[in-house]
Amino acid sequence: MFPEHFRRQESVEERYDPATIEPKWQQYWEERNLFRTDKDDSRKKFFCLEMFPYPSGKIHMGHVRNYAIGDVIARYKRMQGYNVLHPMGWDSFGMPAENAAIKHNVHPSQWTYENIAYMKGQLKKLGLSYDWSREVATCSPEYYKWNQWFFIKMLEKGLAYRKSSYVNWCHSCATVLANEQVIDTKCWRCDSVVVQKKLEQWFLRITNYAEELLSGCDTLSGWPEKVVLMQKNWIGKSHGAEVDFRVEGIDQNIRIFTTRPDTLFGATFLCLSPGHPLAERLAADKDELEKVRAHYGKVDEKVGLFTGAYCINPMNNEKIPVYIANFVLMEYGTGAIMSVPAHDQRDFEFAEKYGLPIRQVIVGAGLAPAHQPQGGQPQGLPLQEAFVDEGILVDSGQFSGLKSADAKQKIADHLEEKGLGKKVVNYKLRDWGISRQRYWGTPIPVIYCDNCGIVPVSEKDLPVILPEDVKFTGTGGSPLQESDAFLHTACPKCGGKARRETDTMDTFVDSSWYFIAYCLKDSSGLSVMRDQFKEDSSPITHHSLLKYWMPVDQYVGGVEHAVLHLLYSRFFTRVIRDLGIIKVSEPFVNLLTQGMVIKDGAKMSKSKGNVIDPDYLINRYGSDTSRLFSLFAAPPERDLDWSDKGVDGAYRFLNRVWSVVQKHRDALRKSAPLATGTDDLSYGARAVLRKTHQTIRKVTADIEKDYHFNTAIAAMMELVNEMIGFEPDNGKEMQVVTFAVDNLLLLLSPFTPHIAEELWAKLGHKEIASEMPWPVWDEEIAKDEEIELVIQINGKLRGKLMISAGLADDDVKERALQDSKVVEIIGGQGIKKVIVVKGRLVNIVVGA
RNA sequence: GCCGAAGUGGCGGAAUUGGCAGACGCGCCAGAUUCAGGUUCUGGUGGUGGAAACGCUGUAGGGGUUCGAGUCCCCUCUUCGGCACCA
């Protein structure tokens, strides 16, 4: 029951005024805690999640679209009877807060929480059905404590480690970036060029899960294929062999990785990465080595240097030179390659530049053996480029004549037998570097002690809280280094003087498990976790909650996270599983990646000046219109072209809904429910009734099938058009209108909940539209009485005929052939064949 | 370069998956309401020929399969995404 004052003012001629009705219903839902959710084993759960925003200041249209999509799903599932978990929170650590601190001298915390307060207000104005009691902010100590806890657990399990290596450094952000955060040699955030810098850093061993993350891709049937493919490509599994080449003169092997052991006989030199441990030792000319290093990681010319050393090809005992080459990556494989210029384009270019021999050992499968090269020198014309395809081996000793695929196996077997190499699997995926030299992030909970080395902070001392006494100058170095109170501490082991780690964590750590935090969050915070992770905790706790809510049934967000966030979350979910906290391996069963919001052919951005401000839109049209247009203009996975006129159209539609209900309001309020039996209804009334059932069916199907809200809304528009054209003139026909209006409002309520709720209440319903069950249709009533039969002659449209829907095929054929126009066109031509497509068309094939 | 997706009216987009191409909306045109503009309402609206009935043509381009193709197959072109010296 809603209070009486909600349906006063009825006497005045009422216009659709979103500015009054929207806040009213938002307040009403909130007061009633309508969207609060608790675990309920008697009901089926549905976890509907949208990617949480970074609190940058205001929401943008991308958020409106993302959250409108998620809200329709959540409201629809709720009406279907699911126990829906629909939470929202804040990805609230990150650089913009720190930049604001430097620029405006406001503390990142203050800046962030002010933004959160404002943006939360904006989201509430959109009428999104969130359970705000589960809200989390990743910058709160209660949240980031668990980042630290997970880190310590990973440290214990050897999944977190520290190493010195070349890392991606962004000057502008003054911090390190993970490989996933370097887009086209530039910083994902600020677009400045990333350079390589040698630093000690913390890494998470995501590569331990490489195989599982890859094989898990095959279970992601609810994800867009392209996203799964991007994940697979990023993990980048390849099969090959590692082979040891003995270096002459020193007691040391060089181990190389190749996916083409079938080309081993064509190796004419060997290349080391400039970062290879032996590079320094073997390089005769150190200045030259530096020059090669300067070209490392750049996709420009091939630059190399002969070390003076030679090594032995284990297959044919040939002595080949050892080079150092800029294009050989230290991070992939072993940091050393055998170079087969005849069959690898990069090696080919390098060989041409430095005058190294090119020896063909694979020929196309079409070539006859007689034409195959003999005696180590290719016959015929020299290669213009590398022959990179597989083929038949030549000049390869006992392996000549084999196909590449067979030779790969046999040569690898041979190497294993002789102890010269082994088959291996390699991944492009590298460990996740999480150290950031910034303030506004989770402090990495370790302590450096001169006696004890690296010591993790004890669990009881968590969280390690960010100090307040920090100055934001923006002049390099981690700001945490400047806080004496933070930096200096006692070693947890020996109690001696020690200092804290001053780097903070990559903010992608925060978002890698926030969906789990939502499941556990309650009015006392993340206390379920706190209790559980204490020693001798009670057995209730997180297990039952996580078992109930996880995994996420529907995840909605931008495709820009196809690799970054989604891969990290899949990794974290597995780590958390292996800690015994959850059972599932995949966090997100279904993923919907919505397209961007485009205006004038470009993504909305301040620099392009094509931004639409959601505040303006809500003030002018209301949130129902804003939501409706976002959902109507394009299917969710596609880019949405913004159109001011299109918004007018959405607003107009809601006004038409409003006026058609107003027009019949008094009669509707008095009308009895629709009695069964429709035989005595007029043609027009039957049409409205049928259209209503068809619309319920269509809207339901479009939501179920890929969430195609645009066509669902189009169907509701059709229904409204039909209703506007119908004038009931007796009580029974009024019942039909009542039925149509009631169902229309229920169908609308996930999309435009405020107007649906308001009109629903105006019609005198005692319940809340948002809590009503989703409408059902009657397949019998939804059936067309008659259909327009299309008559084709030789596949061309030649006429149309209204026939009753149940007509048998033979009768349909008869009717078509009797049609006067058809008779005329056919004339004297013989009928070869007649095809009848049930309920659709007749195609008469004629001709000589 | 490699991998992937997509090309449909003036525009955003539909098309039960091989069966009327253009639903729905925007825009535009005409009419009604209005002092007028806006709003609202009614009708029309792919191109082309025709006064009209109606005809021809049309889903990036070319070929093919089929009674029938926007949809399936082959080739070409264009656009957009992802990866990019991954050995």
Side-chain angles (χ1 to χ4, degrees), chain A residues 183-185 224-227 229-230 232-234 236-238 240 256-260 263 271 273 295-302 325-329 331-340 343-347 349-350 388 426-430 559-560 562-563 595-596 598 628-629 632-635 637-650 652-653 655-656 659 697-698 701 705 708 710-718 720-721 724-725 788-800 821 832-847:
Chain A
I183 312 293
D184 200 18
T185 73
E225 278 177 47
K226 71 167 175 182
V227 176
L229 193 68
M230 281 165 74
K232 284 183 176 172
N233 289 341
W234 189 264
K237 182 180 184 176
S238 58
I256 61 98
F257 172 73
T258 179
T259 55
R260 292 296 299 275
T263 64
C271 289
S273 168
H295 287 271
Y296 180 75
K298 291 183 186 158
V299 191
D300 53 6
E301 55 177 331
K302 306 272 178 290
N326 70 320
F327 68 90
V328 180
L329 302 174
E331 295 84 2
Y332 185 76
T334 59
I337 59 166
M338 67 169 188
S339 287
V340 186
H343 303 295
D344 182 285
Q345 188 57 28
R346 296 154 299 179
D347 296 344
E349 287 165 23
F350 193 85
V388 296
N426 226 311
Y427 300 91
K428 267 169 52 175
L429 182 70
R430 278 165 252 158
V559 73
E560 64 272 18
V563 178
M596 289 187 300
I598 303 285
L628 187 69
F629 179 73
F632 176 64
E637 70 279 4
R638 258 207 253 182
D639 285 349
L640 184 154
D641 215 357
W642 192 262
S643 152
D644 293 334
K645 293 290 189 181
V647 180
D648 286 337
R652 211 170 300 159
F653 169 67
N655 271 291
R656 280 156 70 83
S659 64
R697 180 172 66 187
K698 172 75 175 156
K705 185 197 164 230
H708 276 192
N710 55 329
T711 49
I713 293 166
M716 293 188 276
M717 288 173 167
E718 284 188 58
V720 172
N721 290 343
I724 285 172
E788 192 180 42
L789 181 74
V790 170
I791 305 173
Q792 294 183 340
I793 294 172
N794 286 348
K796 287 203 174 213
L797 177 68
R798 290 301 180 206
K800 293 178 179 178
K821 199 180 156 198
K832 286 161 109 177
K833 198 173 174 183
V834 178
I835 292 141
V836 180
V837 180
K838 203 155 193 63
R840 293 200 167 274
L841 60 70
V842 174
N843 187 14
I844 303 163
V845 186
V846 299

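Just so it is clear: chains get the letters A, B, ... in the order the sequence lines come, proteins before strands, and each one is counted from 1. Side-chain atoms are counted along with the backbone in the values below, which use heavy atoms only and exclude waters and symmetry mates. The structure presented is a predicted model; accordingly, all values stated were derived computationally and were not measured.
Taking atom CG of residue L429(A) and atom P of nucleotide rA84(B), one finds them 12 Å apart after rounding to whole Å. Between R638(A) atom CZ and rC11(B) atom C1' the separation is 14 Å, expressed in whole Å. Regarding I598(A), its CD1 atom lies at a distance of 15 Å from the C1' atom of rG13(B), rounded to whole Å. To the nearest angstrom, C1' of rC2(B) lies 10 Å from NZ of K428(A). Nucleotide rC20(B) holds its C1' atom 14 Å from the CD1 atom of I793(A), rounded to whole Å. If you take NZ of K833(A) and P of rU66(B), they are 10 Å apart, rounded to a whole angstrom. To the nearest angstrom, P of rU79(B) lies 17 Å from CG of D639(A). Atom C1' of nucleotide rA84(B) and atom CD of Q345(A) are separated by 15 Å, given to the nearest angstrom.
Counting heavy atoms from C-beta outward, K226(A) and V559(A) have side chains that approach closer than 4.5 Å. Within the 4.5 Å cutoff, side-chain heavy atoms of L329(A) are placed close to those of Y296(A). At least one side-chain heavy atom of V846(A) sits less than 4.5 Å from a side-chain heavy atom of N794(A).
Looking at which nucleotide of RNA chain B each of N233(A) and N326(A) is closest to, the 5′-most match is held by N233(A).
Other residues, nucleotides and ligands contribute more than 12 heavy atoms inside 6.0 Å of the NZ atom of K237(A). Around CD of E225(A), the count of heavy atoms belonging to other residues, nucleotides or ligands within 6.0 Å does not exceed 12.
Remark: K302(A) is positioned above the aromatic ring of F327(A), its terminal NZ or CZ atom under 6.0 angstrom from the ring centre and at most 45 degrees off the axis.
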State the dot-bracket string of RNA chain B. Criteria: Watson-Crick or G-U wobble, both atom distances under 3.5 angstrom; notation: ( ) intrastrand, [ ] crossing earlier pairs, | interstrand, . unpaired.
-> (((((((..(((......[....)))((((((.......))))))((((....))))..(((((..]....))))))))))))....

Protein-to-nucleotide contact annotation, 5' to 3' order, nucleotides 21-27 of chain B [B base; S sugar-phosphate only; - none; under 4.0 Å, heavy atom] = --BBSSS

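With both ends at atom C1', the span from rU59(B) to rA14(B) equals 12 Å, rounded to whole Å. Separating the P atom of rA60(B) from that of rG12(B) is a span of 14 Å, rounded to the nearest Å. When the P atom is compared between rG50(B) and rC41(B), the two are found 36 Å apart, to the nearest whole Å. A gap of 9 Å separates the C1' atoms of rU8(B) and rG13(B), to the nearest Å.
The nearest pair of heavy atoms linking A634(A) to L640(A) is CB-CA, 4.3 Å. Between F257(A) and S238(A), the shortest heavy-atom contact is CZ-OG, 4.0 Å.
A donor-acceptor contact under 3.5 Å is formed by the side chain of K302(A) with the base of rC85(B). Put simply, the side chain of K800(A) and the base of rC20(B) share a donor and an acceptor less than 3.5 Å apart.
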Assess whether side-chain contact (heavy atoms from CB on, under 4.5 Å) is satisfied between V340(A) and R260(A), documenting all intermediate values.
-> CA-CA 9 Å; V340(A) 186; R260(A) 292 296 299 275; over 6 Å; no

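Between the NE2 atom in H708(A) and the NZ atom in K698(A) there is a gap of 10.0 Å [rounded to 0.5 Å].
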